Amino acid sequence: MLRTEWKFGAAHRASFEHPDILHFKFSGPTSLEEAKRTVEICKEVGAVRPFFLVIDAADSTIEASSRSYIVQNLKPEWFRGIIYTGLGFVQRAMAKALAVALYFTKWNVGIDFVATEQDARAIIQRKRGGTDNGTKAA
């Protein structure tokens, strides 16, 4: 049976919402060990079904080694889409750098940036309905 909550690092957490949404809330710096745990959780959920990943990293930073690990180890077949919510300028720049690195690995999963979780849910609803299959990285 699929777990529904994970806590790792000093203050990071993840939760799975049936049927296909994995939420991550990152608080503080994300170390290499925490990046490895992030990938493990995505792999665990992705082994059951493809999912939408909703990430709140507004209060977080990520080390270069952590970004590199994530780029090398995430598998596009685990995802239906990735949506970042509420990022500030610095976090948005880091997330976009990560997105660009993923695309260089032939990543074909849409990555969106929105202000709120409600906006993320609207995107998920559209994608479930088949009306939005492009990437909006504005």
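Everything numeric in this text was worked out from a predicted model, so none of it was measured. Atoms considered below: every heavy atom in the structure, side chains included; atoms not considered: hydrogens, waters and symmetry mates.
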With sequence neighbours left out, the residues meeting side-chain contact (heavy atoms from CB on, under 4.5 Å) with S68 are Q72

Residue pairs involving residues 63-74 (criterion salt bridge (charged side-chain N to carboxylate O under 4.0 Å, His left out); sequence neighbours excluded)
none

Run the side-chain contact (heavy atoms from CB on, under 4.5 Å) test against N108 and tell me which residues pass, sequence neighbours left out.
P76

List for me each residue that meets ring-ring contact (aromatic ring centres under 6.0 Å, His included) alongside F51, sequence neighbours excluded, and say none if there are none.
F79

Sequence neighbours excluded, which residues qualify as side-chain contact (heavy atoms from CB on, under 4.5 Å) partners of K75?
E77, W78

Only counting residues at least two apart or in another chain, list the ones meeting side-chain hydrogen bond (donor to acceptor under 3.5 Å, both in side chains) with N73.
none

What residues form a salt bridge (Lys or Arg N to Asp or Glu O under 4.0 Å) with D20, not counting sequence neighbours?
R80, R128

Non-neighbouring partners of K43 that pass salt bridge (Lys or Arg N to Asp or Glu O under 4.0 Å), sequence neighbours left out
none

Residue pairs passing the salt bridge (charged side-chain N to carboxylate O under 4.0 Å, His left out) test where at least one lies in residues 21-39, sequence neighbours excluded
K25-D56, K25-D59, E33-K36, R37-E40

Only counting residues at least two apart or in another chain, list the ones meeting ring-ring contact (aromatic ring centres under 6.0 Å, His included) with Y84.
F113

Pairs satisfying ring-ring contact (aromatic ring centres under 6.0 Å, His included), at least one member in residues 53-75, at least two apart
none

Holding to ring-ring contact (aromatic ring centres under 6.0 Å, His included), I want the full list of residues that pass it with H12, two or more places apart in sequence or in another chain.
F8, F26

